[in-house]
Chemist: 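Sharing a structure here in structure tokens format.
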Amino acid sequence: MSYNGMRPVRVRFAPSPTGHLHLGGLRTALFDWLWARKTGGKFILRIEDTDRRRFDPESMDSLVSGLRWLGLEWDEGPDIGGPCAPYVQSQRQQIYKEKAEELVKRGAAYRCYCTPERLADMREEQRRAGRRTGYDRHCRNLSDEERSRCEAEGVPSVIRLAVPLEGVTVFSDLLRGDIEVENRQLQDEVLLKADGLPTYHLAAMVDDNVMEITHVLRGEEWLATAPVHRLIVDAFGWEMPVLVHLPVILDPSGKGKMSKRKKMVAGKEFLALVHEFQDSGYLPDAMFNFLTNVGWNFDPDQEVFSREEAIERFSLEEINPAAAALPYEKLDWLNGLYIRALTPSALKTALLPFLSRQLGVSETELVSDGKLDVLIPVIQERIKRLDEAAEWIDWAYVKSDAISYDDPKLLIGRKLDAGQSADILRTGARLLAEVEPFSAEVIHAAFREKADEIGVKAGSFFGPVRGAISGKKVSPPLFESIEALGRIETLQRIGHAVAFLEEQGALESG
RNA sequence: GCCCCCAUCGUCUAGAGGACUAGGACUCAGGCCUUUCAAGCCUGCAACAGGGGUUCGAAUCCCCUUGGGGGUACCA
């Protein structure tokens with residue numbers, strides 16, 4: 001597939017390095033990538049760092065690592081170069097300056113000498129008068145004498161676009177069709193700032209042209225300034241790329257654009273930054289699957305699909321122009337699905353950094369004992385995020401005397417009293433002392449047999465043991481847990497539990 | 001305020017005039033399974049914002065209202 005039947009597709013993700021990459025940006029990049037891969041075109045990464053004040057040096061890492069995390073490799077970009085290098089706008093200053101001057105010569109733009117103070121006063125006055133705010137075009141009508149006087153005095157200036165005073169500007173959005181805007185609603189936007197750097201309006205149009213971008217995917221927040229971009233492109237006599245304004249991603253309340261700032265909704269803090277999702281243990285494949293289905297739909301009857309399938313089916317025309325909130329619960333569900341689809345060994349690898357951090361045990365130590373190999377397969381279907389694993393198995397990584405039995409119900413079997421529960425625990429301990437080999441399967445069989453023999457329900461038997469070894473009411477399956485813990489440690493914990501029950505009993509009767 | 005965009009279950013969505021008694025997924029509720037918790041399976045609750053047109057026929061087309069979102073910087 002190609003643009004105009006001729007040009008190969010070239011799309012670009014053009015973030016500005018002003019902070020951490022958030023999910024909205026990642027989704028834009030994802031759709032760019034999908035389109036490039038589908039069409040056999042190029043996916044380009046371009047850094048739009050034309051705002052010196054908002055520049056954040058750390059954001060480059062965030063951008064790059066976020067994109068890589070999702071697996072969106074680019075074909076041209078700052079780090080790998082390409083035919084249109086450099087791909088960092090601050091390194092392309094000269095070209096914007098020339099292009100801006102060119103527009104001035106053509107009469108499509110003009111120098112403006114207004115100070116920021118005058119602009120601020122003007123806006124203030126407009127606001128007070130209840131009028132529409134906007135540049136009053138003071139410098140558009142400067143006489144030649146005034147102009148040369150300003151130049152002679154060295155008054156700092158910007159270059160502004162000379163928007164037609166009348167008529168309408170029409171541009172086309174792939175998802176919304178033709179959109180018509182009256183020129184009198186438009187501003188004489190600044191193209192080149194006083195510091196010599198371009199604004200987005202100029203820089204993006206110039207680069208999109210120079211880099212032969214065929215499709216521009218960007219956030220819906222750009223829709224309002226698209227007519228200005230059309231005017232700029234026309235002034236140069238260039239061809240307009242296909243515009244695709246992606247719906248904004250709303251915060252979970254469904255109100256307002258998801259921002260980088262932390263926000264609480266329904267008493268819960270929700271994630272917005274890519275690295276936060278990463279740190280919470282979402283799998284890249286799950287995130288890819290999830291994000292692809294927000295604003296676009298793979299198939300109403302198939303929720304889970306591979307990258308290849310997504311590339312195969314993706315189409316720009318099918319993108320839904322309506323803003324959407326992220327279905328976070330669906331993400332959790334999907335992530336759980338992907339976790340369960342992992343091989344235990346792959347899951348172990350993915351889990352190691354999380355467990356190490358949360359359990360305070362080094363990764364080498366975690367790998368050296370065999371516990372994880374027994375435990376991971378049984379917690380696999382119980383976790384939806386990687387960061388949930390630690391709380392399932394933390395009891396296996398503490399000393400036996402660190403297990404607390406404070407909750408009195410912990411060691412009491414269903415329909416049993418404290419004395420009977422202690423007996424049950426002693427029975428279990430006897431079994432565990434002899435069983436050979438010390439494996440979940442064998443232990444399980446032994447316990448079953450004993451339960452039948454003494455006429456105790458499985459739940460009543462296993463419950464106290466579970467409490468004894470884990471200190472928890474809810475734990476991974478009991479027999480794998482026992483196997484992971486090992487015979488000595490298990491017997492020690494049961495011993496402590498029995499002692500605890502006896503102590504309780506003594507206190508009560510005494 | 002002004003300009004622009006959008007509008008199907010709580011949420012993500014299918015639906016491009018008759019196949020709609022509006023489908024799927026998540027969530028939630030109930031059930032089965034079961035050593036706890038999960039997972040799995042089954043069942044259920046739940047939507048075309050409102051009003052006018054157009055048409056034999058409208059969730060689908062048009063208009064208005066309402067609601068929501070975006071923009072209104074020498075930020076992107």
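On a predicted model such as this, the values are computed, not experimentally measured, just so you know. To find a chain, count down the sequence lines: A is the first, B the second, and so on, and within it residues start at 1.
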Chemist: How is Pro15(A) classified with respect to the nucleic acid when contacts are heavy atoms under 4.0 Å: base, sugar-phosphate, or nothing?
Modeler: nothing
Chemist: Checking all strands, does Arg340(A) fall into the base, sugar-phosphate, or nothing category for heavy-atom contacts under 4.0 angstrom?
Modeler: sugar-phosphate
Chemist: Does Pro464(A) reach a base, just sugar-phosphate, or nothing at all? Heavy atoms under 4.0 Å.
Modeler: nothing
Chemist: Base, sugar-phosphate alone, or nothing: which one does Pro477(A) contact when heavy atoms must sit under 4.0 Å apart?
Modeler: base
Chemist: Find the distance Leu411(A):CG to U36(B):C1' and express it as a whole number of Å.
Modeler: 14 Å
Chemist: For Val190(A), answer base if it contacts any base atom (sugar-phosphate contacts may also be present), sugar-phosphate if it contacts only those atoms, and nothing otherwise; contact means non-hydrogen atoms under 4.0 Å.
Modeler: sugar-phosphate
Chemist: Closest approach to the side chain of Ile179(A), judged atom by atom: which nucleotide of A76(B), C5(B), A25(B) is it?
Modeler: C5(B)
Chemist: Taking the nucleotide of RNA chain B with the nearest heavy atom to each, does Cys114(A) or Val294(A) sit closer to the 5' end?
Modeler: Val294(A)
Chemist: Mind telling me whether Phe479(A) and Phe462(A) have parallel, tilted or perpendicular rings, with 30° and 60° as the class edges?
Modeler: perpendicular
Chemist: Of all the nucleotides listed (C12(B), C4(B), C6(B)), which has the minimum atom distance to the side chain of Lys330(A)?
Modeler: C12(B)
Chemist: Any base atoms under 4.0 Å from Ser460(A), or only sugar-phosphate, or nothing? Heavy atoms, all strands.
Modeler: nothing
Chemist: Can you identify which nucleotide, out of U11(B), U13(B), C37(B), has its nearest atom closest to the Ala325(A) side chain?
Modeler: U11(B)
Chemist: Give the rounded distance in Å between these two atoms: CG of Leu326(A) and C1' of C12(B).
Modeler: 9 Å
Chemist: Taking C63(B) as the reference, what is the distance to U54(B) when you measure between their C1' atoms (whole Å, please)?
Modeler: 11 Å
Chemist: What nucleotide, of C5(B), C37(B), C12(B), holds the atom closest to the side chain of Arg382(A)?
Modeler: C37(B)
Chemist: For the rings on Tyr282(A) and Tyr338(A), is their centre-to-centre separation under 6.0 Å?
Modeler: no
Chemist: In whole angstrom, what separates Phe462(A)'s CZ from U36(B)'s C1'?
Modeler: 11 Å
Chemist: Which nucleotide sits closest to the side chain of Arg176(A): C6(B), G24(B), A39(B)?
Modeler: C6(B)
Chemist: What integer distance in Å separates Trp333(A):CH2 from C12(B):C1'?
Modeler: 11 Å
Chemist: Could you say whether Gly130(A) or Leu192(A) is positioned toward the 5' end of RNA chain B, judged by the nucleotide with the nearest heavy atom to each?
Modeler: Gly130(A)
Chemist: Please work out if Arg160(A) contacts a base, only the sugar-phosphate, or nothing of the nucleic acid, heavy-atom cut-off 4.0 Å.
Modeler: sugar-phosphate
Chemist: Please enumerate all protein N or O atoms sitting under 3.5 Å from an N or O of nucleotides 67-72 of chain B, with distances to 0.1 Å.
Modeler:
residue, atom, partner, partner atom, Å
G70(B), OP1, Lys257(A), N, 2.7

Chemist: Show the numbers, then the answer: is there a salt bridge (charged side-chain N to carboxylate O under 4.0 Å, His left out) between Glu101(A) and Arg111(A)?
Modeler: CA-CA 9 Å; Glu101(A) 301 286 3; Arg111(A) 286 204 169 275; 3.0 Å; yes
Chemist: So which nucleotide from G24(B), C75(B), A14(B) ends up closest to the side chain of Glu303(A)?
Modeler: G24(B)
Chemist: For a quick check of understanding: with a heavy-atom distance under 4.0 Å over all strands, which category does Gly219(A) fall into, base, sugar-phosphate or nothing?
Modeler: nothing
Chemist: Would you call the rings of Tyr135(A) and Tyr110(A) parallel, tilted or perpendicular, where under 30° means parallel and over 60° means perpendicular?
Modeler: parallel
Chemist: Taking any heavy-atom pair under 4.0 Å as a contact, classify Ala194(A): base, sugar-phosphate, or nothing.
Modeler: base
Chemist: Looking across every strand, which nucleic acid part, if any, lies under 4.0 Å from Pro327(A) by heavy atom: base, sugar-phosphate, or nothing?
Modeler: sugar-phosphate
Chemist: Given 3.5 Å as the limit, does a donor-acceptor pair link the side chain of Asp332(A) with the main chain of Lys384(A), or not?
Modeler: no
Chemist: Let's see if you can work this out: which of U13(B), C37(B), C75(B) has an atom nearest to the side-chain heavy atoms of Ala324(A)?
Modeler: U13(B)
Chemist: List the steps, then state whether side chain to side chain contact (heavy atoms under 4.5 Å, CB included) holds for Val163(A) with Gln187(A).
Modeler: CA-CA 7 Å; Val163(A) 171; Gln187(A) 301 280 320; over 6 Å; no
Chemist: Can you tell me the Watson-Crick or wobble partner of G44(B), both distances under 3.5 angstrom?
Modeler: C28(B)
Chemist: Passes side chain to side chain contact (heavy atoms under 4.5 Å, CB included), Phe13(A) versus Leu67(A)? Steps please.
Modeler: CA-CA 10 Å; Phe13(A) 177 53; Leu67(A) 294 172; 4.1 Å; yes
Chemist: Under 3.5 Å, is there an N or O donor on one side and an acceptor on the other linking the side chain of Arg54(A) and the base of C75(B)?
Modeler: yes
Chemist: Nearest to the side chain of Val181(A) - C37(B), C3(B), A76(B)?
Modeler: C3(B)
Chemist: Are Phe31(A) and Trp296(A) an aromatic pair, judged by ring center distance below 6.0 Å?
Modeler: no
Chemist: Mind calculating the distance between CZ (Phe479(A)) and P (U34(B)) to the nearest angstrom?
Modeler: 15 Å
Chemist: Take atom CZ of Arg218(A) and atom P of C75(B), then tell me their distance rounded to the nearest Å.
Modeler: 17 Å
Chemist: Between Arg27(A) and Asp32(A) (salt bridge meaning N to carboxylate O under 4.0 Å), is one present in this structure?
Modeler: no
Chemist: Is the shortest distance from a Lys or Arg side-chain nitrogen in Asp188(A) or Arg140(A) to a carboxylate oxygen in the other one below 4.0 Å?
Modeler: yes
Chemist: Can you tell me the distance, in whole Å, between the CZ atom of Arg123(A) and the C1' atom of C75(B)?
Modeler: 12 Å
Chemist: Within this structure, what is the CD-to-P distance between Gln126(A) and A73(B), rounded to whole angstrom?
Modeler: 9 Å
